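Okay, structure first, notes after.
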Protein chains: 2
Amino acid sequence: MKRVTIYDVANEAGVSLATVSRVINGSNVVKGGTKQKVEEAIEKLGYKPNAIAQGLALQKTTTIALVIPEASFTYTGQIINGLLDVAKIYKYNIMLHTTTEGINEINDIIENIIKSRVDGVVIYNDKLMREELNTLTKYNVPIVIIGNKVSDAKISSVYVDIENAVYELVMKYLEGGKRDIAIIQDRKNGYSIDQMINGAKKAYATKGLEFNGYLEIPGQYRTSYDFMKDYLQDHKHDLIIANRDSQAIAVVNAAKENGIDIPKEMEIVCVIDTKYNSMMRPQISSFAIPSYDLGAVSMRVMTKMLQENTDDIDKEIELSYLFTPRQSTL
Amino acid sequence: MKRVTIYDVANEAGVSLATVSRVINGSNVVKGGTKQKVEEAIEKLGYKPNAIAQGLALQKTTTIALVIPEASFTYTGQIINGLLDVAKIYKYNIMLHTTTEGINEINDIIENIIKSRVDGVVIYNDKLMREELNTLTKYNVPIVIIGNKVSDAKISSVYVDIENAVYELVMKYLEGGKRDIAIIQDRKNGYSIDQMINGAKKAYATKGLEFNGYLEIPGQYRTSYDFMKDYLQDHKHDLIIANRDSQAIAVVNAAKENGIDIPKEMEIVCVIDTKYNSMMRPQISSFAIPSYDLGAVSMRVMTKMLQENTDDIDKEIELSYLFTPRQSTL
DNA sequence: TTGAAAGCGCTAACAC
DNA sequence: GTGTTAGCGCTTTCAA
C-alpha cells in the first residue's frame, strides 16, 4: 500500500488539509457534512495519521521511556504491567530500555532517550545515578523514580519505605528477645539492601545494640544455595532477612539440607516475593510490596507532571507495605 | 535548557546546517577543520539530534514494536532480554505493547503501531491473529512472529517445534508401555497447547491408539492446585505434561498432598520452565526452550528484513529444544 | 568541500 | 466553517 498522507485525504474529500487535521483531532468546529466526507475519505484510503510528523509539529511524542535493570523481570514484571495499564489509558507509548552493568551503557541510554525526545522517563533502578539524572533534567525531561525517595524540580518518586519495614520487623524480634538477626546481601540491588541494613541498624541502635549481621552471598541461586549449605553447618540465626524470595528459598532449602527446622529453629523473611512463593513449602513470610501499584502510580504521576504545573504535584509518593506472615516465621 | 537545533549549531560553528548534518551522520566529505568546528559547537551547546525530525526526513524511526501478552513476564522476560540485547547492537529502540484479552484491545494496538511508524514489529503471542497481521502487512510493516511457524512476503518466524518435542516424549513413554498420558490445558496459551496435543495425538496414532488425555485446569496456581488435589484423589496418570512449570508444580504439590510418589507413581514434565524450577523439589523435567535465543534471533531476523531483500532471508527459523530430565521423571 | 532549498507529514495561527 | 501558510528539525539532491 502506498503511503497515504493528510494531503491525499484532503484531495479525496475535496477539502483542505487543515480540515482533515481538524477532523482527526476531533475539533468540533467542522460542519457535519464535511466531517463525514473526510471520514469517508480516511476510511477509503486507509489513512492513519503519522505520529512522527505530529510529534515534530507538536513538540511531543506521547511516549515515555522506561528504564529498568536487565534480567530481573521476575520482579519488575508487575511494575511494567502497572505502568503499561495506566499508560494505555492516557494513550502513552512506552519505550523500553534495560541497563546492564557498564557505566558507558547507561550514558548511551541517556543519550538515546534525549535524542528520541520522549515526553518523560520512568526509572526503576537500584543504583541512584545522580549524575545521569542531572543530564536528563538539564534537557528538561520530567523524571519519575521508582523505589527511591528523591525529588527535585523535574523529578518525582514513588517508593516503599523498606527501611522502616525492616526496622519494624527487627524491632519486633528484638523485643521478643531474639537478637541474632542477619541480612542477606548480594552485590546487586545495592540500594534496597542499604535501606534494609539501615532499618536493622536503627532498630538495634534503639535497643542500645550494634547490628552487624551481614551475610554476603553469591548472585545466583545455585551458588548461594551451595554457600548457605556450608554456612549453616556452623551458623544459625534467629532470623534471616532476604531481599528476594529466591534468596530466601536458597536459605530454606539449605536449611532443610542441614536439618534445621524452619521456622522453629530459624525464621526467614523476604522483602519482595513472586507468585512462585505461593508454590513453595514452606511459603516465605514477606512484605507485600505493591509492585503493580508502584508502576501504575509512577505512570499516573508522570501524566500529572506532563499536564499540570509541576509545583502543584505531590512529588514524593510513599506506598504502603504490609507484612504478611507465612510458614517461614512463627 | 533551551531547545538547541541544528541551526543553532550551524550558527555557532559558522557553517550551514547541511554541513552540520553531514558531521552528525559521519559523512567523510567534510574537511577536518570544519568538522572540528562543528563538533566543538555541538559540544558547547549540548546539541542532540532530534530523532523525531530525523525520522520524518528519513521515513524511518529505528524503533521496533514488541507485542507480548500481559502478565507472564516470568516466561517472556528472557525473550525480551534477548531481543533488547540484539536491538542495542543495531541501535534500535523498542516500543513495548502488551495485549490483554479483549479483541478491541488488539486492534487499538495495531492502530497505534501503524501510527507510530515503527520500522517493524515483533510479536510473541499465543493467539495467531491472522486478521490483525493482515492489516499490518497491508501497511508494509515487516513482522517477526515468535513461537509460531508462519511466513509470508513480509512475515518471518522464529519458533521451537513443540509439537515434535511432545511427540518424541510421548512416543518414548508409549514404547515403554506407559499409555496413560495427560496434557494439562488452561484457557490461555491456546496455541502452545494445541501443538502439544497434536504431538501427543500423532504419537498415539503412530501406535494405532487414540489420545484423549485432556486435563482442563483453572488459570491460577491456587485454584489449579485445589483442582488437582481433588482430581488426583481418584485419578492417576503415568505421565502428565504441562506447558508451564507453575502448572507442573501445582500437580506436584497436589500429588504430595495425596501421597502420590513422584516420579515413581506418576511422572511430570513441563515444556517451559523458569529459574524457580531449580529451587523446587522435585525439580520438574522440562524441555530447555531457548527463550533468550528466541528473542535474540527474532530481532536479528528483523534487522535482516530491514536491510536486505526480503526474499533472500530465511523466513522460518526453527530453534532446537533439549529434553532435560530432572527429578520428576524416572 | 560547502551551501541553498525542497521536502518529510502534520499543527495552528491567521485570514477569509 | 474552511483555507492558507508558516513552521517543527532534519536529510538530501543540486549547484556552486
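As the structure is a prediction and not an experimental result, all values here were calculated from the model. Every chain is numbered from 1, with letters handed out A, B, ... down the list of sequences.
No engagement by B/Val20 is indicated, since no non-hydrogen atom pair under 4.0 Å with the nucleic acid exists. Using a 4.0 Å heavy-atom distance criterion, B/Ser21 is classed as a base contact.
In the set C/dT1, D/dC10, D/dC8, D/dC10 carries the atom at the smallest distance from any side-chain atom of B/Thr5. Each of D/dG9, C/dT2, C/dG3 was ranked by its minimum atom distance to the side chain of B/Arg3; first place goes to D/dG9. In this structure, the nucleotide among D/dG9, D/dT2, C/dG9 sitting nearest to the side chain of A/Val29 is D/dT2. Among the nucleotides D/dT4, D/dT11, C/dG3, the one closest to the side chain of B/Leu17 is D/dT11. Set against C/dG3, D/dG9, C/dC10, the side chain of B/Asn50 has D/dG9 as its closest nucleotide.
A salt bridge is defined here as a Lys NZ or Arg NE, NH1 or NH2 lying under 4.0 Å from an Asp or Glu carboxylate O, and A/Lys149 with A/Glu318 fails to meet this definition. Between A/Lys115 and A/Glu111 there is a salt bridge, since a side-chain N of the basic residue sits under 4.0 Å from a carboxylate O of the acidic one.
Rounding to the nearest 0.5 Å places CE of A/Met95 at 7.0 Å from CG of A/Asn112.
Of the two residues near DNA chain C, B/Arg117 and B/Val30, the one whose nearest nucleotide lies more 5' is B/Val30. Mapping B/Gly14 and A/Leu58 onto DNA chain C via the closest heavy atom, the residue that lands nearer the 5' end is B/Gly14.
The residue from B/Ser157, B/Ser151, B/Ser156 that alone fulfils the side chain to side chain donor-acceptor pair (under 3.5 Å) condition with B/Glu316 is B/Ser151.
Considering only side-chain N and O atoms, B/Gln59 lies nowhere under 4.0 angstrom from the phosphate OP1 or OP2 of C/dC8. In this model, the phosphate group of C/dC10 is approached by a side-chain N or O of A/Tyr47 to a distance below 4.0 Å at OP1 or OP2. Considering only side-chain N and O atoms, A/Asn25 lies under 4.0 angstrom from the phosphate OP1 or OP2 of C/dT11. Phosphate proximity of C/dT1 to B/Arg22: absent, as no side-chain N or O sits under 4.0 Å from OP1 or OP2. Between A/Ser16 and D/dG3, a side-chain N or O to OP1/OP2 separation shorter than 4.0 Å is present. The shortest distance between the side-chain N/O atoms of B/Thr34 and the OP1/OP2 oxygens of C/dT2 is below 4.0 Å. Under 4.0 angstrom from either OP1 or OP2 of C/dT2 there lies no side-chain N or O belonging to B/Thr19.
Taking atom CD1 of B/Ile6 as the reference point, atom C1' of D/dC10 lies 6 Å away to the nearest angstrom. Nucleotide C/dC8 holds its P atom 17 Å from the CD atom of A/Gln54, rounded to whole Å. Spacing between atom NZ of A/Lys115 and atom C1' of D/dC10 amounts to 13 Å, rounded to whole angstrom units. Between A/Tyr7 atom OH and D/dG3 atom C1' there is a gap of 12 Å when expressed in whole angstrom units. The interatomic distance linking B/Lys60 (NZ) with C/dG9 (P) rounds to 16 Å, in whole Å. As rounded to whole Å, 9 Å separates atom P of C/dG9 from atom CG of A/Asp8. At whole-Å resolution of the value, CD1 in A/Ile52 and P in C/dT11 are 13 Å apart. Between the CG atom of A/Leu45 and the P atom of C/dG9 there is a distance of 14 Å, given to the nearest Å.
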Apply salt bridge (Lys or Arg N to Asp or Glu O under 4.0 Å) to the pair A/Lys304 and A/Asp312, showing each step before the final yes or no.
CA-CA 9 Å; A/Lys304 279 192 183 164; A/Asp312 300 343; over 6 Å; no
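Between B/Glu12 and B/Lys37 there is no side-chain heavy-atom pair separated by less than 4.5 Å.
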